[in-house]
Undergrad: 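Below you will find the structure I want to go over with you.
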Protein chains: 2
Amino acid sequence: MNDAVDLYLAQWNRERPDLDVSPMAIIGRMNRLQQILGRGVGDHLAEHGLERWEFDVLATLRRSGAPEHRLSAKELVRMTMVGSSAMTNRVDRLVKRGLVHREVDPANRRRVLVGLTSEGFAMVDRVVEDHVANESRLLDGLDPGERERLVHLLRKLLLSLGDSAPEGGQERART
Amino acid sequence: MNDAVDLYLAQWNRERPDLDVSPMAIIGRMNRLQQILGRGVGDHLAEHGLERWEFDVLATLRRSGAPEHRLSAKELVRMTMVGSSAMTNRVDRLVKRGLVHREVDPANRRRVLVGLTSEGFAMVDRVVEDHVANESRLLDGLDPGERERLVHLLRKLLLSLGDSAPEGGQERART
DNA sequence: ATAGAATATTTCGACATCGAAAGGTTTTCC
DNA sequence: GGAAAACCTTTCGATGTCGAAATATTCTAT
C-alpha cells in the first residue's frame, strides 16, 4: 500500500533521477498530515459549536491557569503563533460570543487583558475532554511505542529548529 | 531543554490532571512544525521569486512528466489538496505570470488542461534543486537513521488515516 | 432524439490571516 | 520635566482559501 507521498517521490525520481528528494518524504508527509489531522480536529470541534481558532484561544487561557484564566494580548500571540492583528480579530469575535472579556490593564494601560468568562470556562472544560479523545482516535493507527518514538523525533526536530518554551522567550519578529 | 509543547502539556497537567493529554504531544508538535517548516520553505522560495502555492502547482506539473507536463484542473486539485475554486485562482495568476498555459481539452470540452510553459519548466527545474537542499537543511537536526524512522512513522500514520496514492483514488468531497 | 443525471470548472461572497502603519501609553535619559 | 525611544494593540488594505451556486459539457436511459 502506498500513500500519496510515495507517488510523488516516485514521480520525482522518474523525472529527475539526479535529485535526492528524500527530504520531501518527511516534509511532504508533514504537510499532508497537517491537513488531514486539521480537518479531523476541526470537524469534531464544529460539532461542539467551536471553530478551531476559537478553541485555540480558549484553551490557551484555560491552561494558563488560576486564579484569573487571563493573559495579555501579547502573551496570547506568543502562545498561539498568530500575528497580533489576527489576535485582535479573534478576541473581538470571542467577546461578541460572550466567551472571553477584554479590558485594559489598569497597571499598564498599553496592555489588554483577555480572560475567560464563566461561559468560556465552562465551554472549554466541557469540550476539551472530547477533544483529546478525538485526537487520540486520530492517532489510533500507531501503537503506544510508536507514538512515543514519534513524540521523541518531533520534539528533537522542533528543538533543532529553535523552538523553545516561550518563557519570556524570543519570538519571531511580528508587527 | 524544553520546546513550546512541553510547556503547554505541563500546563494542562497542572490544570486538568484528570485528563490524558498525550495526543497533544504529537498533534501539537505537528502543528508547530508545520508552521516553522512552512516559513522555512516559503522564505527560501521567495528568494527565487516564487510563492509556496506557485511552486506547488509548477512542481506538480513538472513531476507529472513528459511529454506535455500537463494535467487537468481536477487532477491538479487532487494532487495539491486545495479546493477547485482556489485552483482556478492559482492557475489564473500563473497564466498571468506566463509560467503555465490553460486550454480547453478538445476531446472533452468540460476539462481544462494546464501545462507548463517553457518559462515555467525552466523555473521549476532551476529552483527545485535548491529547494530540496533547503528542505534537507531544515531537517539537519535529525541524523539519517532518525529521519528514516520518522518517515516510517509518518507514513504509517498517513496510511491509517486513509491517505492513499491518488491513482483514480477517492477524494474528499469538494465542490 | 432528448430529458435528466453526472461531470468539470468558474464565479461569488464570506472569512481568517498577514504586514505595515497608525494610535495610545510608558520608560528612558538628558 | 520633557523629548525621544520603546512598547503594545488596533486599523487598514491585500491576499488566499473555502463552500455554495452558477455555467457549461457529456453521458445515460428511455
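Letters A, B, ... mirror the listed sequences (proteins, then strands); counts begin at 1.
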Undergrad: Consider the side chain of Lys74(A), meaning its heavy atoms from C-beta on, and name the nucleotide among dG16(D), dT9(D), dC15(C) that approaches it most closely.
TA: dT9(D)

Undergrad: Atom CH2 of Trp53(A) to atom C1' of dA14(C): distance rounded to whole Å?
TA: 14 Å

Undergrad: Between Arg111(A) and Asp92(A), which residue's closest nucleotide on DNA chain D lies nearer the 5′ terminus?
TA: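 Between the two, 5'-proximity favours Arg111(A).
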
Undergrad: For atom CD of Glu129(A), is the number of surrounding heavy atoms from other residues, nucleotides or ligands below 6.0 Å larger than 12?
TA: no

Undergrad: Taking His69(B) for its side chain and Arg62(B) for its backbone only, find out whether a donor-acceptor pair lies under 3.5 Å.
TA: yes

Undergrad: By nearest atom, which of the nucleotides dT10(D), dT10(C), dG16(D) is closest to the Val112(B) side chain?
TA: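 So the side chain of Val112(B) is nearest to dT10(C).
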
Undergrad: In whole Å, I'd like the distance from the CG atom of Asn31(B) to the C1' atom of dT17(C).
TA: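 Interatomic distance, CG of Asn31(B) to C1' of dT17(C): 16 Å.
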
Undergrad: Do you know which two heavy atoms are closest between Ile36(A) and Met81(B), and how far apart they sit?
TA: CG1-CE, 3.9 Å

Undergrad: Out of dC15(C), dT11(C), dT10(D), which has the shortest distance to the side chain of Thr88(B)?
TA: dT11(C)

Undergrad: In this structure, how many angstroms lie between the P atom of dA14(C) and the CG atom of Asn89(A), rounded?
TA: 16 Å

Undergrad: Check whether any side-chain N or O of Arg39(A) sits under 3.5 Å from a backbone N or O of Gln35(A) as a donor-acceptor pair, and report yes or no.
TA: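 Not confirmed, Arg39(A) side chain does not pair with Gln35(A) backbone.
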
Undergrad: Rounding to an integer number of Å, can you tell me how far Asp105(A) CG sits from dT27(C) C1'?
TA: 16 Å

Undergrad: Tell whether Arg110(B) reaches the base of dT7(C) with its side chain through a donor-acceptor pair below 3.5 angstrom.
TA: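 Between dT7(C) and Arg110(B), which were checked side chain against base, a qualifying N/O pair under 3.5 Å is present.
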
Undergrad: Given that Arg90(A) and Arg102(B) both sit by DNA chain C, which one's nearest nucleotide is further toward the 5' end?
TA: Arg102(B)

Undergrad: Among dT26(C), dG16(D), dG19(C), find the nucleotide with the atom closest to the side chain of Asn108(A).
TA: dT26(C)

Undergrad: Is the closest basic N to carboxylate O distance between Asp6(A) and Arg29(A) below 4.0 Å?
TA: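 Looking at Arg29(A) together with Asp6(A), the answer is yes, because their closest N to O distance falls below 4.0 Å.
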
Undergrad: For Glu51(A) and for Ala73(B), locate the closest nucleotide of DNA chain C by heavy-atom distance; then report the residue assigned to the nucleotide nearer the 5' terminus.
TA: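 The residue whose closest nucleotide sits nearer the 5' end is Ala73(B).
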
Undergrad: How long is the line joining CD of Glu103(A) and C1' of dT25(C), in whole Å?
TA: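 Result: 18 Å.
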
Undergrad: Can you tell me the distance, in whole Å, between the CZ atom of Phe55(B) and the P atom of dG16(D)?
TA: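 Distance, rounded to whole Å: 17 Å.
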
Undergrad: Looking only at the side chain of Ser72(B) (C-beta and beyond, no hydrogens), which of the listed nucleotides dT9(C), dT9(D), dG19(C) gets closest?
TA: dT9(C)

Undergrad: Return the value, rounded to whole Å, for the distance between atom CZ of Arg93(B) and atom P of dT10(C).
TA: 15 Å

Undergrad: Measure from CZ on Arg52(B) to C1' on dT17(C) and round the result to the nearest Å.
TA: 15 Å

Undergrad: When you measure from the side chain of Ala86(B), which nucleotide among dC18(D), dT17(C), dT9(D) comes out closest?
TA: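 The listed nucleotide nearest to Ala86(B)'s side chain is dC18(D).
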
